[in-house]
Asker: 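Got a structure for you, written out below as structure tokens; questions coming shortly.
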Amino acid sequence: MTIDLSSRATPFTDLRLLADIGATYARFCIEPAPGQFEHVAVLPCSEHAGITEVIQAYLATVPELTPRHGAVSIANPIQGDQVRMTNRDWAFSIKEVQQQLKLSTLLVVNNFTALAMAIPGVGPHGRLQVGGGAPQANGVIGLLGPGTGLGVSGLIPSGDRWTTLATEGGHVNFAPSDEREMRVLQHAWKSMSRVSAERLISGPGIELIHQALHPAAGGGRELTTAEIVQRALQHDAACLETLEVFSGMLGSMASDVALTLGATGGMYVGGGIVPRLGPLFAQAVFRERFEAKGRMSDYVARIPTYLLTAENLAFQGVSTLLSDHVPDADGSHPLLERVRASVTTLSPAERRVANFVLDNPRTALNDPIALIAQGAEVSQPTVIRFCRSLGFQGLADFKLKLGSGLTGTLPVQRTQVRRQDGTADLCAKVLDNTISAIVQFREALNVDAVDRAISLLREARRVEFYAMGNSAIVALDAQHKLFRFRISSVAHTDPSMHSMAAELLGPSDVAVFISSSGQPPELSRAAGLAMERGAKVIAITASQSPLARKSTVCIPVEHSEDASTFVSMISRILHLLVVDMMSVGVAVRRLPAASTSSEAGTADGQQQPAPGVLISHVA
């Protein structure tokens, strides 16, 4: 099973930006058609403040080109929207980067997930086999590669496709195999309480190995990896031994991964270090240590090991992944096209499920397995087998991908309403887009910020809401809710009044500012004045906006809509939800029920109504 990008040379409707960002360098290209990587450039990461800046620097070199879709492989685990790099002090929101770059699609994946996805397209000329062994047809493939860190991934065959494993296997504990490696480990323990494989089987690890085995060889200073390699080329014995030990460690780690994954399809070594070592990489030592697995030696001896030598592998990988995430020119869903293309490879029963899904995609997305099985006239286990035949873990995983179009994420405004849509489709698309945005917001919600905002509102003498334009209705809704809780509140929706009202606030007051973009200067000015008067400021807005920077507490709502062209709708719903969260929090925490607590009484003996008793979310 191979992937041949060159055979699909029809140009894309829109240009695609591809990037491979490591801890040290970032590589870029523009992809006008499948497998065509043009305008390749390499930029040092150290010269740029963050990922947006380095991408913008590259795009500035090709000002005549405007990509609409982008895919980035990055040397870091990807879990949700927020990314904080391990080996570089960059932190960013994928959604914010997409907005700043004005991309319709931005896919960010782990670099070894991308590299693994490129392996099926690598032929004999793009790899060098080390030692014996032969790949098993449709066997699992393992991948690891030392660079600034140690990446580990794998590929599992699923019908006519591959499923990639996004792992952090490089962070497993390092296990020494001989006395020299024990000396290295003991040296590392002097400065580290825990030593992972990545600490030693990497570029920085080569330096640690040299320091441990030959502390005096640097003439009073510690040698860099580049210097060790250079001296090894000049036949320096200490540096040659360092690279030999490194090669042995890599061989042991490769066989550990092979055993863990059952990688009978082969173990591949990529990354930035081994290709640069060239003849200094001790292939014989690597393979010897790979096969040194005691009772399992015969098993791993049958597994071939390869060094990846092909160019642009990361680009090939992210290109393949991006192709599954970008809608076709006619708006068709990539996953449904995948189901359609796989029909002939399925069993007759699974084929009935496929045809049912193709004819009723919305039903397949929303209905439980029993109804799907009934509609397809198959058993429920057959529905599960259908999903697994397509490479999914089960029905839930299949539904997630079907409802998103982006692996592992739920989209916002994924389905556009078209003029020819009937009322049923129009209603369904509006609901689906809003539901997707709400689910995504739930996953990214800053609960601590909401909790802090509730605490401020509980103690407030007076609460004022500031908003303008489309957000004004949210401010009025919030004012109405808090006033029902017997909290003095008012909503200011006239921008000309914002600053004057904010100047009258005091230390016991809270000002709540609501804005989709957080950009209007009237709101920022009023928020600044409120803080100068000692009032607490709660901002419900985009996290990196000017308004957010003028707040005591910011509850970030990152959904973006083009308010200059369209009437914002979904962001208003999200803001109303935040208001409901704060209102319910105030209602259930501000005072105990009047009927059960004497403390709820007023000075003249009358009972004060307990806020929150008559609110629909509270049982």
Side-chain angles (χ1 to χ4, degrees), residues 1-5 18-22 27 35 37 71-79 107-123 126-129 135-172 197-198 201-202 250 253-275 303-325 391-393 397 401 406-408:
M1 185 185 355
T2 59
I3 299 173
D4 185 3
L5 292 174
L18 306 180
D20 177 28
I21 298 180
R27 299 180 70 247
F37 308 125
V72 177
S73 71
I74 187 168
N76 212 76
I78 307 298
Q79 298 176 337
L107 176 69
V108 180
V109 299
N110 176 266
N111 62 332
F112 262 71
T113 298
L115 186 57
M117 203 63 195
I119 289 178
V122 174
R127 67 193 185 196
L128 172 66
Q129 184 166 354
Q136 179 178 305
N138 293 324
V140 173
I141 291 174
L143 170 67
L144 77 164
T148 305
L150 177 64
V152 176
S153 186
L155 282 172
I156 300 174
S158 301
D160 65 336
R161 301 179 66 84
W162 294 91
T163 298
T164 59
L165 295 177
T167 84
E168 288 301 313
H171 293 282
V172 300
E198 180 179 84
I201 310 173
S202 61
L250 183 61
M253 181 67 183
S255 59
D256 286 345
V257 174
L259 287 174
T260 302
L261 299 181
T264 57
M267 277 298 307
Y268 286 76
V269 177
I273 296 296
V274 175
I303 298 176
T305 50
Y306 303 99
L307 302 183
L308 289 168
T309 59
E311 296 181 353
N312 298 321
L313 286 173
F315 292 158
Q316 292 179 21
V318 291
S319 172
T320 301
L321 292 167
L322 184 59
S323 293
D324 284 341
H325 300 160
F392 300 102
Q393 297 177 4
D397 188 35
K401 307 304 190 298
L406 285 179
T407 302

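Every value quoted in this text rests on a predicted model; they were computed, and no experiment measured them.
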Asker: Drop me the distance from Ile141's CD1 to Ile303's CD1, to the nearest 0.5 angstrom.
Answerer: 11.5 Å

Asker: Measuring only between side-chain heavy atoms, which start at C-beta, is Val274 closer than 4.5 Å to Pro146?
Answerer: yes

Asker: What is the minimum heavy-atom distance between Thr264 and Gly139, and which atoms define it?
Answerer: OG1-CA, 3.6 Å

Asker: For the pair Val269 and Thr305, evaluate side-chain contact (heavy atoms from CB on, under 4.5 Å) and give the outcome as yes or no after the intermediate values.
Answerer: CA-CA 8 Å; Val269 177; Thr305 50; 5.9 Å; no

Asker: Taking the side chain from Glu198 and the backbone from Gly149, do they hold a donor-acceptor pair closer than 3.5 Å?
Answerer: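 Checked: no pair found.
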
Asker: Atom CZ in Phe112, atom CG in Leu150: separation rounded to 0.5 Å?
Answerer: 7.0 Å

Asker: Looking only at non-hydrogen atoms, find the nearest pair between Thr260 and Asp256 and report the distance.
Answerer: OG1-O, 2.8 Å

Asker: Locate the shortest heavy-atom distance separating Ala114 from Ser73; write the atom from each residue and the value.
Answerer: CB-CB, 3.7 Å

Asker: Below 4.5 Å, heavy atoms only, C-beta onward: do Asn312 and Arg27 meet side chain to side chain?
Answerer: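 SC-SC contact between Asn312 and Arg27 confirmed.
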
Asker: Apply the side-chain contact (heavy atoms from CB on, under 4.5 Å) test between Asp20 and each candidate in Val72, Asn111, Val318, Leu115; give the one that qualifies.
Answerer: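 With Asp20 as partner, side-chain contact (heavy atoms from CB on, under 4.5 Å) holds for just one option, Asn111.
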
Asker: Can you measure from CG (Asn76) to CG (Asn110) and round to the nearest 0.5 angstrom?
Answerer: 8.0 Å

Asker: Between Met267 and Ala258, what is the shortest heavy-atom contact and its length?
Answerer: CG-CB, 3.6 Å

Asker: To check you understand the geometry: which heavy-atom pair defines the closest contact between Gln129 and Pro304, and what is its length?
Answerer: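 Reported closest heavy-atom pair: NE2-CB, 3.6 Å.
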
Asker: Can you give me the closest heavy-atom contact between Gly317 and Ala118, atom names plus distance?
Answerer: N-CB, 3.7 Å

Asker: For the atom pair CG (Asn138) and CD1 (Ile156), what is the distance rounded to the nearest 0.5 Å?
Answerer: 13.0 Å

Asker: Quick check against the 3.5 Å criterion: does Thr309 have a side-chain atom that pairs as donor or acceptor with the backbone of Arg127?
Answerer: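 Yes; judged by distance alone, with no hydrogens or angles, the pair exists.
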
Asker: Set out, in order, the CA-CA distance, both residues' side-chain angles and the distance that settles side-chain contact (heavy atoms from CB on, under 4.5 Å) for Leu144 and Leu250, then state yes or no.
Answerer: CA-CA 9 Å; Leu144 77 164; Leu250 183 61; 3.8 Å; yes

Asker: May I have the step-by-step check of side-chain contact (heavy atoms from CB on, under 4.5 Å) for Leu308 and Leu143, ending in yes or no?
Answerer: CA-CA 10 Å; Leu308 289 168; Leu143 170 67; 4.0 Å; yes

